[in-house]
Protein chains: 2
Amino acid sequence: MLKLSKKIEYGIQALQYMANNSGNVISAKEISEQLNIPYDFLSKTLQILNKNGIIVSQQGIKGGYILARDPKSTTVAEIIKALEENAIIVDCLAEDEENCDRINVCTIKNPMNKLQEKINYLLNNTTIAEFSEV
Amino acid sequence: MLKLSKKIEYGIQALQYMANNSGNVISAKEISEQLNIPYDFLSKTLQILNKNGIIVSQQGIKGGYILARDPKSTTVAEIIKALEENAIIVDCLAEDEENCDRINVCTIKNPMNKLQEKINYLLNNTTIAEFSEV
DNA sequence: AAAAATCGGACTATTGTTATCCGAATTAAT
DNA sequence: ATTAATTCGGATAACAATAGTCCGATTTTT
């Protein structure tokens with residue numbers, strides 16, 4: 001399928017929204033309402049992004065989130081990783097690769113890895129800033 | 001997640017196997033046994049590839065499959081399409097895009113599309129032949 | 001006629017994704 | 001102090017997609 005999850009999609013959209021309102025603390029509620037994203041799901045997503053250093057949270061009333069870094073230096077690859085997902089096109093390229101039944105007869109690992117590296121390059125070179133320059 | 005399905009993974013591996021044995025009719029059983037891929041699932045996959053013109057089937061005893069075209073001219077993108085899947089990273093870029101709740105407030109469609117086109121380029125420029133040159 | 005293969009449909013099991021719910025902790029304003 | 005708005009964190013449910021299985025029919029060579 002090669003699809004990004006909603007967590008990633010919502011995450012990128014939320015980060016873009018924050019980038020466009022930089023300097024202000026933005027609540028999950030505001031993003032949820034403005035972008036029409038389910039509140040609870042978005043909250044979870046933002047909490048993970050906070051935990052992993054992409055955004056900074058401020059708790060309590062008047063709380064919310066701001067970007068932790070310059071949008072120009074936050075890549076899609078980093079966002080995916082921060083959301084505790086990955087962009088690995090076949091299982092055997094995963095770090096915790098272990099129990100593939102075909103490892104002894106597999107002849108696609110190397111060529112798949114080449115394709116993987118090209119995709120990684122794209123994801124490492126697309127930033128939140130580019131998403132904001134619509 | 002950005003992962004290829006097993007259908008695609010097995011399909012590519014099977015096509016590569018056929019490319020390496022070109023000229024011979026190869027049965028699903030042989031591929032299944034040699035590559036350690038579940039027989040029934042692989043059969044289904046090969047039937048779809050046959051239906052959509054990537055391989056040619058020969059029925060009956062001594063039957064099997066051969067590549068329909070030169071491995072150099074069969075791309076990963078074509079295989080994905082032939083397997084009736086797609087490589088669309090966000091729903092709103094699908095052809096039958098219709099009912100996105102965020103269409104009026106969405107500001108990621110254009111930048112996502114740029115990323116999509118780069119991925120398409122990769123998939124359109126990786127062929128079965130490349131998978132065989134290990 | 002028999003054997004080995006594809007064909008095709010239905011079905012099941014498993015996993016992953018998406019969404020929701022609830023209560024606790026935090027903090028600003030009153 | 002109390003209240004209200006927020007993040008935090010865990011559990012769970014609903015849904016969808018993937019992966020795998022089963023079975024009987026058809027085809028074709030021997």
Side-chain angles (χ1 to χ4, degrees), chain A residues 1-11 13-14 18 24-33 36-52 54-66 68 80 83-91 94 99-102, chain B residues 1-11 13-14 18 24-33 36-52 54-66 68 80 83-91 94 99-102:
Chain A
M1 288 296 288
L2 215 74
K3 181 155 358 197
L4 296 170
S5 69
K6 288 291 173 193
K7 201 157 68 172
I8 294 170
E9 185 179 331
Y10 294 160
Q13 207 160 359
M18 291 185 223
N24 299 327
V25 173
I26 313 283
S27 71
K29 183 156 175 266
E30 176 178 344
I31 299 174
S32 162
E33 287 174 351
N36 210 17
I37 295 173
Y39 171 76
D40 281 309
F41 194 74
L42 177 65
S43 289
K44 280 283 139 56
T45 303
L46 296 177
Q47 283 169 35
I48 301 171
L49 287 173
N50 171 54
K51 190 176 75 174
N52 293 309
I54 302 293
I55 57 182
V56 174
S57 74
Q58 179 182 324
Q59 288 199 40
I61 196 168
K62 291 271 183 184
Y65 301 92
I66 55 172
I80 293 174
L83 286 172
E84 294 161 2
E85 297 201 18
N86 63 52
I88 292 175
I89 59 175
V90 288
D91 290 332
N99 49 1
C100 176
D101 292 342
R102 286 166 289 126
Chain B
M1 289 296 289
L2 215 72
K3 179 152 3 198
L4 295 171
S5 70
K6 288 292 174 195
K7 200 158 69 174
I8 294 169
E9 185 179 332
Y10 294 160
Q13 207 161 358
M18 291 185 224
N24 299 327
V25 173
I26 313 284
S27 71
K29 183 156 174 266
E30 175 179 344
I31 299 174
S32 162
E33 288 174 352
N36 210 16
I37 295 172
Y39 172 75
D40 282 309
F41 193 73
L42 177 64
S43 289
K44 280 283 138 57
T45 304
L46 296 177
Q47 283 169 34
I48 302 172
L49 287 173
N50 170 55
K51 191 176 76 173
N52 293 309
I54 301 293
I55 57 182
V56 173
S57 74
Q58 179 182 323
Q59 288 199 39
I61 196 170
K62 291 272 182 184
Y65 301 93
I66 55 174
I80 293 173
L83 286 172
E84 294 161 1
E85 297 202 17
N86 63 52
I88 292 175
I89 58 176
V90 288
D91 291 332
N99 47 1
C100 176
D101 291 342
R102 287 165 289 127

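Just the heavy atoms: all of them, side chains too, but no hydrogens, waters or symmetry mates, feed the values below. Note on naming: letters A, B, ... go to the chains in the order of the sequence lines (proteins, then strands), and numbering restarts at 1 for each one.
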I'd like a table of donor-acceptor pairs (distance under 3.5 Å, sequence neighbours excluded) in which one partner is a side-chain atom from residues 54-64 of chain A, with atom names and distances.
{"from": "A:S57", "atom 1": "OG", "to": "A:N50", "atom 2": "ND2", "distance (Å)": "3.4"}

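- Taking A:S27 as the reference, nothing meets the side-chain hydrogen bond (donor to acceptor under 3.5 Å, both in side chains) condition, with sequence neighbours excluded.
- If you take CD1 on B:I31 and CE on B:M18, they are separated by 4.0 Å, rounding to the nearest 0.5 Å.
- Atom CD in A:E9 sits roughly 12 Å away from atom C1' in C:dT18 (whole-Å rounding).
- The side-chain hydrogen bond (donor to acceptor under 3.5 Å, both in side chains) check on B:S32 picks up nothing, with sequence neighbours excluded.
- Between the CD atom of B:E84 and the P atom of C:dG8 there is a distance of 12 Å, given to the nearest Å.
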Identify all pairs in which a protein N or O lies below 3.5 Å from an N or O of nucleotides 28-30 of chain D, and state each distance.
{"from": "D:dT28", "atom 1": "O2", "to": "B:I61", "atom 2": "N", "distance (Å)": "3.3"}

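- Each of B:K29 and B:K51 was assigned the nucleotide of DNA chain C with the nearest heavy atom; the assignment lying further toward the 5' end belongs to B:K29.
- For B:N50 and C:dC7, the shortest distance from a side-chain N or O to OP1 or OP2 is below 4.0 Å.
- The side-chain hydrogen bond (donor to acceptor under 3.5 Å, both in side chains) test applied to A:E30 returns A:Y17, not counting sequence neighbours.
- For the salt bridge (Lys or Arg N to Asp or Glu O under 4.0 Å) test, residues two or more places apart in sequence or in another chain that qualify with B:K6 are A:D91, B:E9.
- The separation between A:D91 atom CG and C:dG16 atom P is 9 Å, rounded to whole Å.
- Put simply, CG on B:L49 is 13 Å from P on C:dT6, counting in whole angstrom units.
- For the pair A:I37 and B:R102, the tightest heavy-atom approach, listed with the atom from each and the gap, is CG1-CD, 3.6 Å.
- Considering only residues two or more places apart in sequence or on other chains, B:K51 meets the salt bridge (Lys or Arg N to Asp or Glu O under 4.0 Å) condition with B:E84.
- Listed by chain and number, the residues in a side chain to side chain contact (heavy atoms under 4.5 Å, CB included) with A:Q47 are A:S43, A:K44, A:Y65 (sequence neighbours excluded).
- Between A:M1 atom CE and D:dT18 atom C1' there is a gap of 10 Å when expressed in whole angstrom units.
- Note: CD (B:E30) to P (C:dT6) measures 10 Å, nearest angstrom.
- Between B:S57 and the phosphate of C:dC7, there is a side-chain N or O to OP1/OP2 separation shorter than 4.0 Å.
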Polar atoms only, N or O, under 3.5 Å: list the protein pairs with nucleotides 20-24 of chain D and their distances.
{"from": "D:dG20", "atom 1": "OP2", "to": "B:Y10", "atom 2": "OH", "distance (Å)": "3.1"}

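- C:dT15 atom P lies 19 Å from atom NZ of B:K7, rounded to whole Å.
- Spacing between atom CG of A:L2 and atom C1' of D:dA17 amounts to 15 Å, rounded to whole angstrom units.
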